[in-house]
Amino acid sequence: MKTRMLLSWAACACLATVDLRAADEPAAAATATNQAAESSGQKYLLRYKFEAGETIRWEVVHQAQIRTTVSGTTQTAETLSKSIKVWQVASVDDQGQAVFVHSVESVDMRQKLTGRQEARYNSLTDSSPPEGFADVADAVGVPLATITLDALGNVVRREHQRPKTSASAGMITVPLPDEPVAVGHEWLLPSDVQVSLKQGGFKKIKTRQRFTLLEVQDGLATIRIETQILSPVRDPNIEAQLIQTESNGTARFDISAGRIVSQQTDVDKRVHGAPNEASSLHCLTRFTEKLLPATSQTAGAPQPAGPEPPPTASSRRPSVR
């Protein structure tokens with residue numbers, strides 16, 4: 001569990017990998033504008049846009065609380081990581097296909113396990129990482145991968161400069177529809193998730209991401225993201241593994257600039273019977289990402305992780321801004 005939690009920051013920093021978000025109820029005016037656009041059938045062309053030589057930064061925050069109960073004994077693992085994800089664009093062709101170097105500029109993270117002292121690491125202030133954070137420290141400030149991304153957000157090519165991990169696989173941003181779409185339009189991205197079986201071996205579970213254009217206001221498109229498990233699952237141990245693949249929330253896409261400006265996803269899932277009948281698992285996670293100003297070189301550096309708690313069931317109520 002400890003190693004998995006320490007690596008969670010990398011998954012968030014790469015995503016963009018997928019995990020996404022939620023906000024507040026839309027105001028009446030926004031709703032009226034949205035209804036008008038939907039009724040008129042107005043369509044929007046959503047495309048990623050990059051310029052050779054630009055450097056794009058996002059602030060990424062990931063909070064997680066994993067509570068495991070076995071035979072009446074509960075252990076809680078909490079992590080909070082703040083990092084700066086960087087894309088340095090090397091080239092863009094006539095079709096809008098961009099080649100960029102992905103890296104993590106800085107990271108500040110903490111981890112606390114029941115009965116143990118909290119562990120922390122800040123790449124900006126710590127000269128050497130404490131025990132358990134060496135892999136994290138080695139991945140900061142160095143090229144992680146060179147990625148070719150098309151205008152729809154599909155990964156065309158990926159060359160790893162660091163050992164490949166689950167965080168560096170799969171999609172790295174929200175995929176966009178092929179054609180211009182109106183408010184209310186849905187598009188799907190099917191995928192297979194490989195899970196391990198308790199008796200040995202592996203099994204593929206069919207899943208898909210469903211994306212919905214919820215509204216467009218002031219040039220910002222709000223996109224809802226939902227994970228759907230298509231294969232029947234009755235094994236709690238498989239359910240527990242699938243929690244790590246779920247992404248439910250929203251993303252805001254700047255149509256003119258051609259990039260994600262913010263996103264958030266939340267997971268609040270309980271699984272009973274994993275790893276055995278006398279145990280249960282409760283997973284609370286929140287992932288957020290925010291685009292930083294183009295002129296900012298240091299504003300996005302993560303501040304020392306404060307005592308803010310992981311999301312609670314009441315704080316994660318999904319809604320739409």
Side-chain angles (χ1 to χ4, degrees), residues 1-13 15 17-23 60-82 109-120 132 166-167 193-199 203 205 207 209-210 224-250 263-289 305-319:
M1 173 67 76
K2 183 176 181 180
T3 302
R4 182 183 300 170
M5 299 301 288
L6 287 176
L7 292 178
S8 65
W9 76 274
C12 301
L15 205 78
T17 299
V18 201
D19 311 339
L20 308 162
R21 81 140 167 232
V60 180
V61 180
H62 186 238
Q63 300 177 74
Q65 182 186 84
I66 311 297
R67 183 178 296 114
T68 306
T69 302
V70 180
S71 300
T73 301
T74 298
Q75 183 180 51
T76 301
E78 298 181 30
T79 61
L80 170 63
S81 68
K82 301 181 180 182
M109 67 182 301
R110 69 177 190 180
Q111 174 178 299
K112 182 170 178 58
L113 302 176
T114 300
R116 299 184 186 181
Q117 185 177 0
E118 181 178 80
R120 292 191 175 201
S166 61
V193 177
Q194 182 170 275
V195 297
S196 57
L197 302 176
K198 193 173 183 179
Q199 63 271 29
K203 179 179 181 179
I205 303 296
T207 71
Q209 292 290 119
R210 182 171 70 179
R224 180 171 61 209
I225 303 100
E226 302 170 273
T227 299
Q228 298 177 321
I229 309 298
L230 303 180
S231 299
V233 177
R234 299 179 180 87
D235 185 341
N237 290 288
I238 293 179
E239 289 184 58
Q241 295 176 66
L242 290 175
I243 289 177
Q244 304 175 52
T245 70
E246 296 194 23
S247 301
N248 296 289
T250 56
Q263 57 179 301
Q264 179 178 307
T265 53
D266 293 274
V267 173
D268 183 359
K269 294 283 297 264
R270 289 177 171 85
V271 177
H272 296 281
N276 55 57
E277 292 182 359
S279 62
S280 65
L281 175 72
H282 184 196
C283 179
L284 274 170
T285 67
R286 169 166 290 173
F287 166 86
T288 61
E289 183 177 80
E308 58 197 273
T312 63
S314 61
S315 71
R316 64 160 300 281
R317 179 180 59 86
S319 50

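Distance check: Glu118 CD to Gln111 CD gives 9.5 Å after rounding to the nearest 0.5 Å. Expressed to the nearest 0.5 Å, how far NZ of Lys112 lies from CZ of Arg120 amounts to 10.5 Å. Summarising the geometry, atom CD1 belonging to Ile205 is positioned 9.0 Å from atom CG belonging to Asp235; distances are rounded to the nearest 0.5 Å. Between the CD atom in Glu289 and the NE2 atom in His62 there is a gap of 12.5 Å [rounded to 0.5 Å]. To the nearest 0.5 Å, atom CE of residue Met109 and atom NZ of residue Lys82 are 12.5 Å apart. With rounding to the nearest 0.5 angstrom, the OG1 atom of Thr288 is 7.5 Å from the CD atom of Gln63.
The two residues Ala64 and Thr285 make their nearest non-hydrogen contact at CB-CG2, 3.9 Å. The minimum heavy-atom distance between Pro236 and Val271, with the atom names listed, is O-CG1, 3.4 Å. The two residues Leu242 and Thr245 have their closest heavy-atom pair at O-OG1, 2.8 Å. The shortest non-hydrogen separation linking Glu246 to Val267 is O-CG2, 4.0 Å. Residue Ala240 comes nearest to Leu281 through the heavy atom pair CB-CD2, 3.8 Å, listed as atom of the first residue, atom of the second, then distance.
Listed by chain and number, the residues in a side-chain hydrogen bond (donor to acceptor under 3.5 Å, both in side chains) with Lys198 amount to none (sequence neighbours excluded). For Gln228, the side-chain contact (heavy atoms from CB on, under 4.5 Å) criterion is met by Arg208, Arg210, Leu230, not counting sequence neighbours. Take Ser196 and apply the side-chain hydrogen bond (donor to acceptor under 3.5 Å, both in side chains) test, not counting sequence neighbours, and it matches Gln241. In terms of the side-chain hydrogen bond (donor to acceptor under 3.5 Å, both in side chains) criterion, residue partners of Ser279 (sequence neighbours excluded) are, by chain and number, Asn276. Residues passing the side-chain hydrogen bond (donor to acceptor under 3.5 Å, both in side chains) test with Thr69 are Thr74, sequence neighbours excluded. Listed by chain and number, the residues in a side-chain contact (heavy atoms from CB on, under 4.5 Å) with Leu197 are Gln199, Lys203, Ile238 (sequence neighbours excluded).
Between the side chain of Thr227 and the backbone N or O of Ser247, at least one donor-acceptor pair lies under 3.5 Å. Put simply, the side chain of Thr114 gets close to the backbone of Thr76: a donor and an acceptor are under 3.5 Å apart.
Counting non-hydrogen atoms of other residues, nucleotides and ligands closer than 6.0 Å to CD of Gln117 gives a total of 12 or fewer.
Annotation: side chain of Asp268 is in contact with side chain of His282 (closest heavy-atom distance under 4.5 Å). By the 4.5 Å heavy-atom criterion applied to side chains, Leu80 and Val61 are counted as neighbours.
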